[in-house]
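Scroll down for the structure; my scribbles are underneath it.
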2 protein chains.
Amino acid sequence: MGSLTEENYIKSIYALSEATGEVYVSELAKKLDVKLPSVNSMVKRLATKKLVAYAPYKGIKLTEKGKKEALAIIRKHRLAELFLVKVMGLGWEEVHDIAEQLEHVNSSRFYERIDELLNSPKFDPHGEPIPDSNGKIHTQKRTSLIDLAEGLTATITAVTEDEKSFLDHLNAKGLQIGDAVTIKKRELFDGSITLQHKSKKEILLTHQVAERIWVEMTVTRS
Amino acid sequence: MGSLTEENYIKSIYALSEATGEVYVSELAKKLDVKLPSVNSMVKRLATKKLVAYAPYKGIKLTEKGKKEALAIIRKHRLAELFLVKVMGLGWEEVHDIAEQLEHVNSSRFYERIDELLNSPKFDPHGEPIPDSNGKIHTQKRTSLIDLAEGLTATITAVTEDEKSFLDHLNAKGLQIGDAVTIKKRELFDGSITLQHKSKKEILLTHQVAERIWVEMTVTRS
DNA sequence: ATAAAATGTTAGATGCCTCTAATATTTTAA
DNA sequence: TTAAAATATTAGAGGCATCTAACATTTTAT
């Protein structure tokens, strides 16, 4: 087990490499809110521990060992988020910061039990996949709001994006996980979508927002 | 908020001072499993932060500020233990180490919610009182197994002692929080007690063990 | 009352993680 | 193609938390 700081570096390197492939010292410094030399010396330490492969002036890459550690932390983070929402009844927009701390708890028993209580979930409340205990991510086809034709009804299952501003936006519109919505109108012009919500209110979502909302089709009986 | 290490020092100083009044550098070193000079320099740091009062070669005392911080940590520890047992279904003997980590989580929301879910509990699963959010401990008369007369029936509500060996001992005897027991026989000779348990088994407890078990009298209707 | 034992402190070093200031390399643009 | 801009590294220092070795004080027991 590395230190808390080390875990945060590993996690950030993983996240950045998922997003952009290569990871640079400057990006990492920005993400972790530390200065360049701090990153430089930490990356060197991580390299001696064989957690990253690193050559000066070149990008940073996680080794297999590093990747495994990253996935273990991400698993804990996402399990924690789901647990905070489903078991503890916290709002999806307020769980991220708590999960940032819980992800560093070192107790297989604790996370085993969370996994059991949640019935080995595959996605966290923001729609991100939860790696299994071996670090394997089971990706699975998912349908976004923008994939639905007009008139269809579906249930919101998750959202991507951890950002509080996004989650607050959805809350302000009155949307929650589990809500049933019907596509009222799809604007060809700007890709925005008008929903019919259970509250009977009509809700207008921009394309940018709608594509981040995952749904499950409501089965229509014949 | 102090560092994790600082919190552990504060907590240990509080625990030792509860047990013995005065706290000495050597006791603290033993409890925290570090060498004397480490304690010495940390205590000096804590003194400059006004968390402890300290004069060389004299004992260590928490200031009001230090005491407040200690009680906040203890509150979090005990809430966490109860939560792990009651909400997550973990065994009382396995929650201590996890709570040692959760007690450092910095989120009033998290602990507010735990407190709510547990309905503002007054005692943790080991029978220790839980300070309220102002650091006040509501002590309250409690009845131990050794206070009961023969023939009386009561329900186990908690135990003192955090030690795994003690908790394992009780588990081995088949005793759990919530179990109803009847006092079958009290030995004058050695203070041991024979219980009638719901499982219909008779259980023999030494005085030393029985006095650490808290019970609530079962109300007898007329 | 003093020597031995127990306890506590100081000095100086190390690892982790961060910083600023100075320098080096790589990329980009004139 | 070379100067400017962007990016990365090194050097050196500081705070936190720990250690070992050497020294100081207090307690205890003869």
Side-chain angles (χ1 to χ4, degrees), chain A residues 1-14 16-17 19-62 65-66 69-70 73 100-101 103-104 106, chain B residues 1-14 16-17 19-62 65-66 69-70 73 100-101 103-104 106:
Chain A
M1 287 288 308
S3 68
L4 195 149
T5 311
E6 196 180 294
E7 290 194 356
N8 283 330
Y9 271 83
I10 294 289
K11 191 179 57 141
S12 295
I13 294 168
Y14 183 90
L16 289 172
S17 71
T20 65
E22 285 275 19
V23 182
Y24 299 98
V25 172
S26 53
E27 296 178 73
L28 202 45
K30 197 172 183 185
K31 176 139 190 161
L32 292 165
D33 194 27
V34 295
K35 302 296 181 208
L36 290 184
S38 306
V39 172
N40 186 262
S41 71
M42 182 52 127
V43 167
K44 282 199 259 174
R45 256 203 302 285
L46 295 176
T48 67
K49 291 190 179 186
K50 310 273 182 214
L51 289 163
V52 303
Y54 178 62
Y57 294 104
K58 296 283 175 313
I60 304 158
K61 258 204 163 78
L62 288 178
K65 188 180 166 197
E69 197 172 305
I73 300 163
E100 285 285 302
Q101 299 181 62
E103 76 193 3
H104 302 292
N106 178 16
Chain B
M1 289 287 308
S3 67
L4 196 149
T5 312
E6 195 179 297
E7 290 193 358
N8 283 330
Y9 271 84
I10 294 289
K11 189 178 58 143
S12 295
I13 294 169
Y14 183 90
L16 289 172
S17 72
T20 65
E22 283 276 18
V23 182
Y24 298 98
V25 173
S26 53
E27 296 177 74
L28 201 44
K30 198 174 182 183
K31 176 139 189 161
L32 292 166
D33 196 27
V34 294
K35 301 297 183 211
L36 290 184
S38 306
V39 172
N40 188 264
S41 71
M42 182 52 128
V43 167
K44 283 199 259 174
R45 258 203 301 282
L46 295 176
T48 67
K49 292 190 178 187
K50 307 278 183 210
L51 289 163
V52 303
Y54 178 62
Y57 294 104
K58 296 283 177 310
I60 304 158
K61 259 204 163 78
L62 287 178
K65 187 179 166 196
E69 195 171 305
I73 300 164
E100 285 286 302
Q101 299 182 62
E103 77 192 6
H104 302 292
N106 178 15

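Reminder, nothing fancy here: chain letters follow the sequence lines and each chain counts from 1. It should be emphasised that the depicted structure is a prediction, and the values quoted were computed from it without experimental measurement. Note that these values count all heavy atoms, side chains included, but never hydrogens, waters or copies made by symmetry.
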Regarding the side chain of A/P37, the nearest nucleotide among C/dG8, D/dT9, C/dC17 is D/dT9
Taking C-beta and beyond as the side chain, do A/L4 and B/L4 meet within less than 4.5 Å on heavy atoms?
no
Looking at A/Y24, does any N or O in its side chain come under 4.0 Å of the phosphate oxygens OP1/OP2 on C/dT27?
no
Strictly below 4.0 Å: does A/N40 bring a side-chain N or O up to OP1 or OP2 of D/dA8?
no
From OH of A/Y54 across to P of D/dT10 the rounded distance in Å is 8 Å
Would a 4.5 Å heavy-atom cut-off, applied to side chains only, mark A/L51 and A/E6 as touching?
yes
Reckon B/S26 has a side-chain N or O less than 4.0 Å from the OP1 or OP2 of C/dG8?
yes
Rounding to an integer number of Å, can you tell me how far B/D33 CG sits from D/dC19 P?
8 Å
Give a yes/no on whether any side-chain N or O of B/S38 is located under 4.0 angstrom from OP1 or OP2 of D/dC19.
yes
May I have the distance from A/L28 (atom CG) to D/dA8 (atom P), rounded to whole angstrom?
10 Å
Other residues, nucleotides, ligands: >12 heavy atoms within 6.0 Å of B/K61 NZ:
no
Answer yes or no: does a side-chain N or O of A/Y57 lie under 4.0 Å from OP1 or OP2 of C/dT23?
no
Specify the residue among A/T5 and A/K58 whose closest nucleotide of DNA chain C lies further upstream toward the 5′ end.
A/T5
Checking the side chain of B/S17 only, and the main-chain atoms of B/Y14 only, is there a donor and an acceptor separated by less than 3.5 Å?
yes
OP1 or OP2 of D/dT10 less than 4.0 angstrom from a side-chain nitrogen or oxygen of A/K44, does that happen here?
yes
Does a side-chain N or O of B/S3 approach OP1 or OP2 of D/dA17 to a distance below 4.0 Å, or not?
yes
Please determine, for the side chain of A/L36, which listed nucleotide (C/dT18, D/dA8, C/dG8) has the closest atom?
D/dA8
